[in-house]
Each structure stands twice: as structure tokens, then as C-alpha cells.
2 protein chains.
Amino acid sequence: MREEPWEPPAVLVAVDLVILTLRASALHVLLVQRGVEPHQGELALPGGFLQHSGEGLLTAARRELREEADLDAARLHLEQLGAYGTPDRDSRGRVISVAYLAIAPGLPEPVAGTDAVGACWMPVDGVLAGRTRLAFDHAAIVADGVERARSKLESSALATAFCAERFSISELQLVYEAVWGVRLDPRNFYRKVQGVRGFIAAAGSDRRTTGGRPARLFRAGPTTVLNPPLTRPDPPQASEESR
Amino acid sequence: MREEPWEPPAVLVAVDLVILTLRASALHVLLVQRGVEPHQGELALPGGFLQHSGEGLLTAARRELREEADLDAARLHLEQLGAYGTPDRDSRGRVISVAYLAIAPGLPEPVAGTDAVGACWMPVDGVLAGRTRLAFDHAAIVADGVERARSKLESSALATAFCAERFSISELQLVYEAVWGVRLDPRNFYRKVQGVRGFIAAAGSDRRTTGGRPARLFRAGPTTVLNPPLTRPDPPQASEESR
DNA sequence: ACAAAAGTGTTGCAAATACACCCATGA
DNA sequence: TCATGGGTGTATTTGCAACACTTTTGT
């Protein structure tokens with residue numbers, strides 16, 4: 001760091017959240033409708049400015065998670081995505097946003113206790129395809145978050161963060177299929193997942209059923225890096241059908 | 001983003017650079033000696049504050065690259081690492097640092113034209129092991145940068161950024177061996193690398209030699225994501241010798 | 001001729017796929 | 001007893017590490 005005689009410019013720092021979850025086998029992101037200008041009424045990521053100059057970035061992310069989504073950060077996966085600082089991204093002046101990615105298990109239904117106007121889960125497909133328009137550069141941030149989730153499913157135990165505390169192997173498979181957008185063979189998936197040491201651990205011989213044979217239940221294991229990794233099958237060779 | 005009656009606190013934003021290169025088959029990072037307080041005289045990452053409120057983060061990173069390391073950003077790989085914003089990381093007040101990772105080919109020798117005091121290439125081993133002490137939280141940032149480089153070698157064409165414009169396959173192998181800290185079989189590496197479509201492209205049948213058979217030369221290919229990826233061998237099972 | 005580095009062929013093991021099959025339960 | 005989803009066995013394919021071997025240069 002070099003020092004110079006001039007004063008460096010002070011900027012505003014916001015923290016925005018990309019909260020992903022699985023609903024009806026599709027990946028969804030939590031969006032709020034903005035109550036004030038700029039971009040009033042438009043959809044945006046939940047977030048807000050640093051509250052006081054002693055607040056850490058991660059602390060602020062956890063606070064927003066609680067305030068805007070009524071989610072308990074202690075139970076969620078939460079990691080930093082990156083900083084977004086294009087000069088003209090916010091008409092109020094120089095605002096740099098530090099984005100965080102959170103993964104939530106499928107919640108009962110609507111997001112309760114939200115103090116933002118109209119929070120809702122939106123399918124990410126629409127956002128990625130540009131059909132769902134977002135304020136600021138938030139669509140790009142969502143795209144980065146989804147891409148991060150897709151790639152981390154391969155090499156980390158992130159998938160368990162989409163599940164409730166106890167889950168069956170086929171529920172875990174649904175996570176992979178929804179996030180990657182592929183179909184997997186349940187039988188091979190079953191053994192593959194069990195073959196990764198520390199990924200999942202048997203959780204009581206308890207079992208609930210939905211019509212067939214009851215499934216064994218598991219909970220997230222101690223491992224966070226998958227070894228061997230679960231490899232994503234390459235999409236079926238887009239030939240003339242593409243685009 | 002929620003609006004509230006209070007003023008959000010303004011903070012200072014710095015951009016710091018983790019510039020990695022290969023020297024004598026070892027991974028090195030560029031460090032400068034700080035000329036002013038705080039941490040005067042200590043080693044730190046090159047970087048500095050945003051220069052004016054209209055300067056973009058990436059623009060600032062490119063400027064620092066030029067000013068502090070005399071490197072041309074257009075020829076380098078440059079990507080954002082993340083934001084570091086622990087409240088007490090800088091004694092001057094609230095400073096958030098956005099770190100960037102740059103990869104440079106092995107340069108002729110010393111870093112020329114630097115306006116910082118005492119810029120030098122330091123082996124990353126010492127930094128990672130804590131033997132080389134850095135100012136602020138810069139040692140942690142270096143560790144994150146090295147980890148990012150290690151993991152991106154597997155799935156992206158990042159390795160070519162460590163090489164000159166034209167390189168032989170064995171030079172590319174040296175990059176992988178140095179960054180990963182492993183030994184690879186040259187014969188299998190040779191074919192593996194050639195098997196990845198778009199990774200490297202033949203560059204003139206030109207050839208220079210160092211005693212044996214001349215090598216074919218290549219340049220970076222169009223692909224940035226490696227398919228199939230180059231997988232890193234797991235380290236030789238640390239048994240009782242570990243720690 | 002020999003050393004040194006580049007490049008090729010071949011083989012055997014191990015992981016991943018595909019899929020036939022058996023198990024446990026509700027209706 | 002049949003439909004539904006859970007779980008297991010196994011043959012075939014594929015990927016990859018190991019290593020013998022050939023090629024092309026400098027000295």
C-alpha cells in the first residue's frame with residue numbers, strides 16, 4: 001500500500017445476499033421488492049449497507065440474513081462470493097457491494113417475518129435467462145452465485161446444505177439434479193455418495209416413507225472436501241439442436 | 001437493500017495484489033517494503049487505495065499492477081480473489097481491501113521501474129509456513145491466492161499464464177509441479193495435456209534446445225475450461241511422518 | 001558413440017457406467 | 001398382489017498410471 005498526500009475517497013459498502021434453495025425440484029433465489037428509490041418496486045437481492053463502521057462483512061451478512069429472510073445464519077452455509085464495484089452501478093454514488101452466497105434447506109413455505117416489502121422465492125432459470133429482471137447488477141451476481149454452487153457441488157459437501165438435518169440419499173440426488181440440471185442414475189449415485197468418506201453419516205435407523213420402501217436417513221458428515229469428487233456428467237453433446 | 005434514516009458509514013477501499021510467478025522452479029509472490037506507517041518497513045502486498053471515487057476496482061488493480069510492479073495488465077491473468085473486511089485489520093480506521101490475483105510469466109530478473117520501496121519476489125513457502133511475516137492480514141490473502149491458483153490449475157488453462165507466449169510441454173509441466181508441489185510423469189503429462197481440446201495450440205515448428213532433442217513449441221489455446229480436467233494426484237498418504 | 005531430452009506404444013488395474021435383479025412397504 | 005421407491009450384484013467400458021521403447025538432437 002502506498003501513501004500519498006491526497007485523501008483517498010470514502011465509499012459506501014453494501015452487503016447483498018444470494019440465498020439459494022430448492023423448491024419443487026427447482027433452484028430458487030430469494031428476492032425482495034425494493035421499497036425506495038433507486039429502482040423502487042423492482043426486484044433485487046436482499047441486502048443493505050454496513051450498519052456502523054465497526055461491523056464486519058460476515059457479521060453484516062448474518063444480520064441481513066436474519067432481518068430480511070428470518071433465517072438463522074448459524075444453521076446455513078454462508079460464504080463470500082466477491083466484491084462488485086463498477087463505478088456507475090448505483091445512482092446514489094459510489095457503492096461497492098460485497099456479495100455472499102447462502103444455501104438454505106427447502107423451507108416450509110413463504111419466507112416469514114420479513115421486514116422487506118414482498119420477499120419471494122423466484123426460480124433462478126428466469127433470472128439467468130433474463131426473463132426476470134433485477135435491479136442494479138444483481139442478475140450478474142445471481143449468475144455468479146449459481147455458478148459457484150454448481151461447481152462446489154462437485155468438490156465439497158455443499159449439497160447437504162440444501163437438505164434438512166436428516167435426509168435420504170434420493171433427496172440428496174434431487175439436489176444434484178436440480179442444481180446441475182442433469183439426470184443421474186439413482187443406483188450408481190447411491191453407492192458413489194456412500195463411497196466418499198465422511199460425506200454423509202447414518203442418522204438413526206428411523207425412516208419415513210412415501211409409498212415405496214422406506215429410505216435410510218443420513219446427516220451431513222464431518223468432511224467438507226469430497227474425495228473422490230462427484231463429477232458432473234458433461235451435457236449430452238449439443239449438436240445441431242443447440243441454440 | 002433497505003433504506004433507513006441514518007447515514008451508512010463511509011469506509012476506505014484498498015486494492016491489494018497477489019502476483020504469483022515461477023522462479024527457479026519455485027512459486028514466488030511479489031512483496032514490497034512499506035515506506036510509511038502503519039507497519040512501516042514490514043513486507044506487504046503491493047496495493048493502494050482507490051484513487052478517486054469514479055475508479056473501478058479492476059481498473060485500480062490494473063493501475064497498481066503498472067505502478068508498483070511495472071507489469072502490463074493486458075498481458076496478465078488477473079482475477080478477483082475476494083474482499084477482506086475484518087473491522088480491526090487496519091489501524092488507520094475502517095479499511096476494506098479487495099484482493100486480486102495476478103499470474104505473471106517468469107520475468108527476466110528483478111522487478112524494474114517500481115516506485116515502491118524494495119519490491120522483491122519472495123518464495124511463497126516461507127509465507128505459508130509463517131516464516132516470512134507480512135503486514136496486516138496479507139499472509140492470509142497470499143494463502144487464499146495460492147489456494148485459488150492450485151485449484152484453478154486443475155480445471156482451467158491458468159497454467160499457461162505462468163509461461164511465456166510460446167512454451168514447451170515440459171515447461172508447462174514445471175508449472176504444475178511447482179504450484180502443486182508434486183512430481184508428474186513427463187510421458188503421461190505430455191499426452192494428457194495434448195488430449196485436452198483447445199488447451200494448447202502448436203506454435204510454429206520452431207524449437208530451441210538445452211542439450212537434448214528440441215521440443216515442439218505451443219501457445220495458449222482458445223479454451224479456458226479444461227475438459228477433461230487435469231487431476232492433481234493426492235499427496236503420498238501422510239502417515240506417522242506428518243506434523 | 002553416448003547422454004539427454006522429446007515423444008510413442010502397450011499393458012494392467014481401478015473407477016465409472018449400464019442395467020438386471022432383489023427388498024420392503026402401502027394400498 | 002401390484003405398484004413404488006430403496007438398495008445390491010455384476011459385466012462391460014473407459015480412464016489412467018506405469019514403464020519399456022524409439023526418436024532427435026548436442027558433444
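All chains are named by letter (A, B, ...) in the order of the sequence lines, taking the proteins before the strands, and each is independently numbered beginning at 1. Only this structure's heavy atoms are used, side chains among them; waters, hydrogens and symmetry mates stay out.
Heavy-atom minimum distance, Arg133(A) versus Gly130(A): NH1-O, 2.7 Å. Across all their heavy atoms, Ala149(A) and Val179(A) have their closest contact at C-CG1, 4.4 Å. Looking at every heavy atom in both residues, Ser25(B) comes nearest to Leu174(B) through OG-CD2, 4.2 Å. When all heavy atoms of Asn227(B) and Arg197(B) are compared, the closest pair comes out as O-NH2, 3.9 Å.
Between Arg232(B) atom CZ and dA17(D) atom P the separation is 14 Å, expressed in whole Å. At whole-Å resolution of the value, CD in Gln194(B) and P in dG7(C) are 8 Å apart. The distance from atom CD1 of Ile200(A) to atom P of dG6(D) is 13 Å, rounded to the nearest whole Å. Between the CG atom of Leu217(B) and the C1' atom of dA6(C) there is a distance of 12 Å, given to the nearest Å. Distance CZ (Phe189(A)) to C1' (dC19(C)): 19 Å, rounded to an integer number of Å. We find that CZ of Phe218(A) is positioned 12 Å from P of dG6(D), with the value rounded to whole Å. Atom CG of Leu184(A) and atom C1' of dA16(C) are 13 Å apart (whole Å). Atom-to-atom, CD of Gln173(B) to C1' of dA5(C) comes out at 12 Å; the value is rounded to the nearest Å.
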B/S/- along nucleotides 18-23 of chain D (protein heavy atoms under 4.0 Å) is BBBB-B
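For dA17(D), the OP1/OP2 oxygens have a side-chain nitrogen or oxygen of Lys192(B) closer than 4.0 Å. Phosphate proximity of dT8(C) to Tyr190(B): present, with a side-chain N or O under 4.0 Å from OP1 or OP2. Regarding contacts with the backbone of dA5(C), every side-chain N or O of Ser170(B) stays at 4.0 angstrom or more from both OP1 and OP2.
Using a 4.0 Å cut-off between a side-chain N of Lys or Arg and a carboxylate O of Asp or Glu, Glu79(A) and Arg148(A) qualify as a salt bridge.
In this structure, Tyr176(A) and Trp180(A) have perpendicular ring planes: the angle between them is above 60°, well past the 30° mark.
Within a 6.0 Å sphere centred on CD of Gln194(A), other residues, nucleotides and ligands contribute more than 12 heavy atoms.
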Before you tell me yes or no, could you show the steps for Phe167(B) and Phe218(B) under ring pair (Phe, Tyr, Trp, His ring centres under 6.0 Å), namely the whole-Å CA-CA distance, both residues' side-chain angles and the distance that decides it to 0.1 Å?
CA-CA 5 Å; Phe167(B) 52 86; Phe218(B) 298 84; 7.1 Å; no
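Two end axes, each from the C1' atoms of five base pairs, can be drawn for the helix from dA1(C)-dT27(D) to dA27(C)-dT1(D); they diverge by 10°, to 10 degrees.
Mapped onto DNA chain C by nearest heavy atom, Thr231(A) and Ser168(B) fall at different nucleotides, with Ser168(B) at the one closer to the 5' end.
Of the N and O atoms on the side chains of Asp185(B) and Tyr190(B), not one donor lies less than 3.5 Å from an acceptor on the other residue.
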